[in-house]
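For reference, the structure is listed below as structure tokens.
Throughout, protein chains are lettered first and strands after them, A, B, ... in sequence-line order, and every chain is numbered starting at 1. Values below: all heavy atoms of this structure, side chains included; hydrogens, waters and symmetry mates excluded.
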Protein chains: 2
Amino acid sequence: MKKLSIVDIANELKVSKTTVSFILNGRAKEKRIGEDLVERVTKYVEEVGYKPNSLAKSLRTGKSNTIGLMVEDISNPFFASIARLIEDRAYKNGYKIIYCSTDNDTQKTRELISMFRDRHVDGYIIAPPEGIEDDVEQLLKDGLPVVMFDRHLPKVNTDYVEIDNLFSTYNATRHLIQQGYKNIGFVTFASSQTQMLARMQGYKDALKESRFAPVVKEIVFNQDEEMIIKPMMAFFKKHQDLDAVVFGTNHVGTCGLKVFNTLGIKVPGDMAVISFDDYDVFKLYSPPVTAIAQPVEEIADNVITVLLKKLNTKGGSTASHSIILKTNLQIRGSSSGLKID
Amino acid sequence: MKKLSIVDIANELKVSKTTVSFILNGRAKEKRIGEDLVERVTKYVEEVGYKPNSLAKSLRTGKSNTIGLMVEDISNPFFASIARLIEDRAYKNGYKIIYCSTDNDTQKTRELISMFRDRHVDGYIIAPPEGIEDDVEQLLKDGLPVVMFDRHLPKVNTDYVEIDNLFSTYNATRHLIQQGYKNIGFVTFASSQTQMLARMQGYKDALKESRFAPVVKEIVFNQDEEMIIKPMMAFFKKHQDLDAVVFGTNHVGTCGLKVFNTLGIKVPGDMAVISFDDYDVFKLYSPPVTAIAQPVEEIADNVITVLLKKLNTKGGSTASHSIILKTNLQIRGSSSGLKID
DNA sequence: CAAATTAGCTTAATCGATTTATTTTTATAT
DNA sequence: ATATAAAAATAAATCGATTAAGCTAATTTG
């Protein structure tokens, strides 16, 4: 009951394994193998359910039909949705996914890249932490296709799919200003990743335009949610004058709502809120919370399209694409959204 | 600048590749290779950063150091958290993860199992849909370790890690009864998976005990959330007499809250709610929603522990474990939780 | 001191495919 | 009938590791 190999097939049919291989790889015509033989082999293979050993195949051809997907944290709803969509599209195109969560940890990520190389993944989809420029550069130099998303490495010239982060927070902040809010804070994770810097800048630009002073809190990420909530609580206690806040990520936003619940701060009565990313938590909050919705499907679609294109052009040197998608400000809780002093 | 192979190392050091291989696999002592040579090889390998080609290694040894993880849907927070925890533990033990979402689709799952076999994964972690008994049976027959979680296949004798589903809903329903609710509904996805049947049974048992009649709505799963919300809305419109409801999964629960929002039904004023799974949506709802919290970390821990144990005992035939963990009923919104007619 | 061990390495087979180079068979032209 | 070209299939090399079996020189044993 052992697994069948191509030799078994060849022996059984009394042909050479070369012939079987050619037929199975659709090169029968090209190698002018007789139609009757092709038929006979195909039928038998079908009958016994033979499937080539993909390890052996990969070893010989150098292709593994696998894509490495590196997200920040697969349990974060944003990355989980993206992963799901990418998974679907990848499978449909004959690729499997190996994934991992980087935790934005540079050292861990470098090890993971090395692991992926080791496994000979054909292409890389990465939401990169800082500090992996050299490793990515090396991948590119070795002709391996890399697509980044959510953020990019400014010093590395590769394809990436992002959203218009700066405009998103700029627009959200302006929305608050137009509603009459005057003390608008910005709470985010401490990070110098491109998307974070841009979100911060968008907020600051909007405030500057209206000559308001920025009030920013950058929280150091921690696995333990308590360590996020505590400093945030301190921040809001200290800045009692704030009447609105923009949260830089869904995670910060969710924690923020928890803080407000604990402190008895009413949203949006006492504090207007806009969070990055739009999820059930924000939709179902009462009244619902305004949020910056990322076009998750579009992001995933673009990422996989760009990667597949690279995988299919062996030459490699197609020019790099930078795709910037638009977000959608979901304005909610409008009834009480207008600030009335 | 090509990738180094063991032959390159051997040639460079003017020893045979066998020797190099033995040394790298820690069999130097056993194969009585001189200490100085061991040192020389180790040092050189370190220096040039040589890493064995894992495909070749897997082809030869039959081990791929990969675990296949099959969840229902990686974008569902329950599965995403589990996946994250399993990923961490697996990496720590030298295993990589290939994952996929089954969508509870039998045919798709069978193809995915075949894909995993193809890639020679060493072990399987599966949240199984119905109808894959034969495939799993075959895996077991071929000596491949399989651990199931969240549910199991009654006809297949393999390890699994679950929670006490029946007691969980029984307990939740009794809680509602004790609070004075008299018309308690149960809304869930239509499914005959073990965990779903048990959850339903727990609800029915509790009602029977108090001689109440069950009011059940089973919704056919659909990728499009609208197709879940619509029938649910019809159900609640039809059963205006309901004063409480138990939701069978987090997804149904979230949709339920959306329905109540739309219909203007106050929770828990007009309708007391208990949902399976405990997530931010329920915690942050105002007032927060009572939920049945699964011990996600414990589940993941047990799953990976059982699997690793199986992977490390080549003989295979360790007796199967069925691990049943306890859930935690997170009682919330107590202030308005007591039903006062 | 010859025979038997043992230490220290190497040769060659193997895993299961793909692919290049080559041979055998058949058909066509001269 | 024979040389030549085309068609059909195969042998053998290769990918990069692991490992069983084998060889040589040094050491031990009787």
Discussion item. Students often get this wrong, so: under 4.0 angstrom with heavy atoms, is B:Val15 touching a base, only sugar-phosphate, or nothing?
Written reply: sugar-phosphate
Worksheet item: A:Ile6 has an atom CD1; how far is it from atom P of C:dC15, in whole Å?
Response: 14 Å
Fill in: Base C:dT19 paired with A:Thr18 side chain (donor-acceptor, <3.5 Å)
yes
Item to complete: Determine whether the aromatic ring centres of A:Tyr160 and A:Phe149 lie less than 6.0 Å apart.
Response: no
Discussion item. Please pick, from C:dT11, D:dG16, D:dA11, the nucleotide with the shortest atom-to-atom distance to any side-chain atom of B:Ser16.
Written reply: C:dT11
Item to complete: Figure out the NZ/C1' separation between B:Lys3 and D:dA17, and round it to whole Å.
Response: 12 Å
Item to complete: Nearest whole angstrom, please: distance from the P of C:dT19 to the CD1 of A:Ile23.
Response: 15 Å
Worksheet item: Given atom NZ of A:Lys63 and atom P of C:dT19, what is their separation to the nearest angstrom?
Response: 12 Å
Worksheet entry | Length of the line joining A:Lys17:NZ and C:dA21:P, which is rounded to integer Å | 17 Å
Worksheet entry | Lys/Arg-Asp/Glu bridge criterion (N-O < 4.0 Å) met for B:Glu72, B:Arg151 | yes
Response to the item:
Of the candidates C:dC15, D:dA17, D:dT19, the side chain of B:Lys57 sits closest to D:dA17
Item to complete: Count the heavy atoms of every other residue, nucleotide or ligand shown that sit under 6.0 Å from CD of A:Glu133, and state whether that count exceeds 12.
Response: yes
Item to complete: Tell whether B:Ser21 reaches the base of D:dT19 with its side chain through a donor-acceptor pair below 3.5 angstrom.
Response: no
Worksheet item: Which pair of non-hydrogen atoms, one from A:Ile97 and one from B:Ile98, has the smallest distance, and what is that distance?
Response: O-CG2, 3.2 Å
Practice prompt. Return the value, rounded to whole Å, for the distance between atom CG of A:Leu13 and atom P of D:dA9.
Written response: 12 Å
Worksheet item: Out of D:dT18, C:dC15, D:dC15, which has the shortest distance to the side chain of B:Asn25?
Response: D:dT18
Worksheet item: Is there a side-chain polar atom (N or O) of B:Thr19 under 4.0 Å from OP1 or OP2 of C:dT10?
Response: yes
Worksheet item: What do you reckon, is CD of A:Glu30 surrounded by more than 12 foreign heavy atoms closer than 6.0 Å?
Response: yes
Worksheet item: C:dG16 phosphate, OP1 or OP2: any side-chain N/O from A:Ser5 under 4.0 angstrom?
Response: no
Worksheet item: Do B:Thr61 and D:dT18 share a donor-acceptor pair, side chain to base, under 3.5 Å?
Response: no
Worksheet entry | Those residues of residues 26-54 of chain B lying under 4.0 Å from DNA chain C by at least one heavy atom | B:Arg32, B:Ile33, B:Gly34, B:Leu37
Worksheet item: Whole Å only: how far is the NZ atom of A:Lys14 from the P atom of D:dT10?
Response: 12 Å
Item to complete: Give a yes or no on whether A:Asn157 atom CG has more than 12 heavy-atom contacts from other residues, nucleotides or ligands under 6.0 Å away.
Response: no
Worksheet, complete the sentence: Side-chain atoms of A:Phe22 come closest, of D:dA11, C:dT10, C:dT19, to C:dT19
Practice prompt. Say whether B:Gln193 and B:Asn104, considering side chains only, have a donor N or O and an acceptor N or O under 3.5 Å apart.
Written response: yes
Fill in: Nucleotide D:dA17, atom C1' - distance to CG of A:Leu55 in whole Å
12 Å
Fill in: Closest non-hydrogen atom pair between A:Ser64 and B:Arg119, with its separation
O-NH2, 2.8 Å
